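Encoded as structure tokens, the structure appears first; notes follow it.
Throughout, residue positions are numbered sequentially from 1 according to the sequence presented. What you see is a predicted model; the values in this text were computed from it and never measured.
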Amino acid sequence: MPSGQQPSPASARIAAVNSLDDYIPRPGLSVPIVTILDGRGRILEDQQRAVVRYALQDGAGADVIFAAGTTGEWDRIDNPRRQAVARIAIEECRRARASAAKKIEAWAGITAHTRSDTLDNLSHALHAGADAAVVAPLSIKDVEHPAEFVERDIGAVFDRAGRMLPLFLYDNAGIAAPGKSPHLHTRDVKAMSRLPYVRGIKVTASKTVIGNYTRAASHFKAAHEFAIYTGNPYLIFELFAPPEGVGDRMRHYWNRYLTKRARPYGVVAGPANAMPREWQRAWQVCRSGDVELMRLYSDALDEFRIACTFKRGARAWRPTIASLKASLKELGVIDSDAVGAGTPPLSDTERREFSARFATLRERAAEMLERGWVSEYDLGDRAGAKKIG
């Protein structure tokens, strides 16, 4: 190319593709990090940093920090705050990589209510140095055609930047915009999986939906090139369980049929905000097929789900985000457990009950689980976070 001549969009796209040739999606535990707010909805940066450090557990916790996802209340905060939590996660993961014995990635959630804000978040993620971006096309109110948006609009951002980020799709019926399909159509996943920068999907759905997406992408990419992450973390104990009796064998083969013989590449575990080491170890024992340890960790982690469940009248409900923040406050990681406007809070009575339940399950985890696999909080992390913030 002659000196001074600008590369065409096509050549920029080719150069960017080359930069992703060696990228392999990070397997393992992804923690969709909570967003720490004060009573007026402002981000408390030092406490946000402390939460990321707690989730990482000096390399014994998260493999991926996912900022500005559903657990991070992306739909309750504005774009400057979405970008702030992404920046903090990127900076903290970069700091951790300097001393960790494993690769740690920071994924920026870029989803916003509008197309323009979503693309602005993508540009921010590129410039801030995110390892990957995550988008939920069905949550963007003014996007009618997800595949077209991901190829044309997101591709245009990459063209202008001259480089790409790995992009992961996010499918969750609970956050679909009004009037939108609860799940991405298989044909759209098939189309998007052809794109060089689309590297996987996080699915909060049934085994059947996971299987449909696996089949759609398998025509174009190998399993390690298009990764499936389950957003229902407790599902891993079922999907990885080896068959024991006749009934288990039937369930095992039925699960394999529903998921098209594919197992999750990773797990996105909101409860890991409170118990990152425990969820990391749970993923490891599920991958190894250790039935005894799988039962042990399944029981221990299910206690947290039970601790987050309350009754209001005749109805059981689970204010998960409020409970996660309450657990972090109980541990001393944060001072503010305020939730965003519109996120269901714990009542005073529920907050006191949760405190007692959480203390009990922590004691039981220390007794039941393997040494070194109960999450710990170092007050020095908070002091270091304040210094940086």
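Once rounded to the nearest 0.5 Å, the distance linking OH of Tyr197 with CE of Met192 reads 10.0 Å. Atom-to-atom distance recorded for Trp107:CH2 and Ile65:CD1 is 11.5 Å, nearest 0.5 angstrom. Atom-to-atom distance recorded for Glu92:CD and Gln48:CD is 9.5 Å, nearest 0.5 angstrom. The CD1 atom of Ile43 sits 6.0 Å away from the CD1 atom of Ile88 when rounded to the nearest 0.5 Å. Expressed to the nearest 0.5 Å, how far NE2 of His113 lies from OG1 of Thr111 amounts to 10.0 Å. The distance from atom CZ of Arg97 to atom CG of Asp131, rounded to the nearest 0.5 Å, is 4.5 Å.
For the pair Arg49 and Glu91, the salt-bridge criterion is met [side-chain N within less than 4.0 Å of a carboxylate O].
Summarising the geometry of Ile140 relative to Phe149, their closest heavy-atom pair is CD1-CE2, 3.8 Å, with the distance given to 0.1 Å. When every heavy atom of Pro271 is checked against every heavy atom of Leu324, the shortest pair comes out as CA-CD2, 3.8 Å. Between Ala147 and Asp188, the shortest heavy-atom distance links the atoms CB-OD1, 3.8 Å. Considering every non-hydrogen atom in both Ala365 and Val374, the closest pair reads O-CG2, 3.6 Å. When all heavy atoms of Ala274 and Phe358 are compared, the pair lying nearest together is CB-CE1, 4.5 Å. In this structure, Pro264 and Leu239 approach most closely via the heavy-atom pair CG-CD1, 3.6 Å.
For Arg40, the CZ atom counts as loosely surrounded, since its 6.0 Å shell holds 12 or fewer non-hydrogen atoms of other residues, nucleotides or ligands. Summarising the local packing, CZ of Arg364 is surrounded by 12 or fewer heavy atoms from other residues, nucleotides or ligands at distances under 6.0 Å.
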* Would you check, one step at a time, whether the test side chain to side chain contact (heavy atoms under 4.5 Å, CB included) holds for Phe304 with Ser327? => CA-CA 10 Å; Phe304 184 80; Ser327 67; 4.3 Å; yes

* Ile104 and Asp63: CA distance, side-chain angles, deciding distance, side chain to side chain contact (heavy atoms under 4.5 Å, CB included) verdict -> CA-CA 5 Å; Ile104 297 167; Asp63 298 297; over 6 Å; no

* Asked: Passes side chain to side chain donor-acceptor pair (under 3.5 Å), Gln284 versus Asp290? Steps please.
  -> CA-CA 9 Å; Gln284 293 174 8; Asp290 188 317; over 6 Å; no

* Asked: Can you list the steps and then say if Leu369 with Glu278 is a side chain to side chain contact (heavy atoms under 4.5 Å, CB included)?
  -> CA-CA 8 Å; Leu369 302 181; Glu278 295 87 339; 3.7 Å; yes

* To do: Could you walk me through whether Ser139 and Tyr170 pass the side chain to side chain donor-acceptor pair (under 3.5 Å) test, one step at a time?
  => CA-CA 9 Å; Ser139 298; Tyr170 184 11; over 6 Å; no

* To do: Evaluate the side chain to side chain contact (heavy atoms under 4.5 Å, CB included) criterion for residues Met294 and Ile236: first the C-alpha distance (whole Å), next the side-chain angles of each, then the deciding distance (0.1 Å), finally the verdict.
  => CA-CA 10 Å; Met294 286 172 70; Ile236 63 173; over 6 Å; no

* Asked: Do Tyr297 and Trp283 pass the ring-ring contact (aromatic ring centres under 6.0 Å, His included) test, and can you show the C-alpha distance, the side-chain angles, and the key distance before you say yes or no?
  -> CA-CA 9 Å; Tyr297 281 89; Trp283 171 254; over 10 Å; no

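Looking only at distances, no side-chain donor or acceptor of Arg281 sits under 3.5 Å from a matching main-chain atom of Glu370. Looking at Thr118, its side chain does come within 3.5 Å of a backbone N or O of Ala112 through a donor-acceptor pair. Using a distance-only test at 3.5 Å, with no hydrogens or angles considered, a donor-acceptor pair links the side chain of Asn79 to the main chain of Asp117. For Arg82 (side chain) and Ala68 (main-chain N/O), no donor-acceptor pair under 3.5 Å exists by modelled atom type. Remark: the backbone N or O of Lys103 is paired with a side-chain donor or acceptor of Arg26 at under 3.5 angstrom. Formation of a donor-acceptor pair under 3.5 Å by the Arg163 side chain with backbone atoms of Arg160 is not found in this model. Side-chain atoms of Gln47 come within 3.5 Å of backbone N or O of Asp335 as a donor-acceptor pair. Distance alone, capped at 3.5 Å, places no donor-acceptor pair between the Lys202 side chain and the Asn172 backbone. Between the side chain of Asp337 and the backbone N or O of Ala326 there is no donor-acceptor pair closer than 3.5 Å. Judged by distance alone, the side chain of Ser375 and the main-chain N or O of Arg277 form a donor-acceptor pair under 3.5 Å.
Between Phe168 and Tyr229, the angle of the ring planes goes over 60°, which puts this pair in the perpendicular group of the 30/60° scheme.
Side-chain contact between Leu37 and Glu73 is present, with heavy atoms from C-beta onward closer than 4.5 Å. Between Leu29 and Val64, the closest side-chain pair of non-hydrogen atoms is not below 4.5 Å. Using a 4.5 Å cut-off on side-chain heavy atoms (C-beta onward), Arg362 and Leu331 make contact. Between Val31 and Tyr54, every side-chain heavy-atom pair lies at or beyond the 4.5 Å cut-off. Between Glu151 and His145, the closest side-chain pair of non-hydrogen atoms is not below 4.5 Å. Two residues are said to be in side-chain contact when any heavy atoms from C-beta on lie closer than 4.5 Å; Phe237 and Leu301 meet this criterion. With contacts defined as side-chain heavy-atom distances shorter than 4.5 Å, the pair Arg115/Asp153 qualifies. Proximity of Gln83 to Asp120: side-chain heavy atoms (C-beta onward) are separated by under 4.5 Å at one or more points.
The hydrophobic clustering, which links ILVMFWY residues whose side-chain heavy atoms are closer than 4.5 Å, places Ile36 and Val339 apart. Ile77 and Ile334 sit in two unconnected hydrophobic clusters of ILVMFWY residues. Membership requires side-chain heavy atoms under 4.5 Å apart, directly or through other members. When the side chains of ILVMFWY residues are joined at heavy-atom separations under 4.5 Å, either directly or via intervening members, Trp279 and Leu328 end up in a single hydrophobic cluster. The same ILVMFWY cluster, assembled from side-chain heavy atoms under 4.5 Å apart, contains both Leu169 and Leu165. With hydrophobic clusters built from ILVMFWY side chains whose heavy atoms lie under 4.5 angstrom apart, Met164 does not share a cluster with Ile90.
Between Glu330 and the choices Arg357, Arg351, Lys325, the salt bridge (charged side-chain N to carboxylate O under 4.0 Å, His left out) rule is met once, by Arg351.
Cation-pi geometry between Arg305 and Tyr234 is satisfied (NZ or CZ under 6.0 Å from the ring centre, within 45° of the ring normal).
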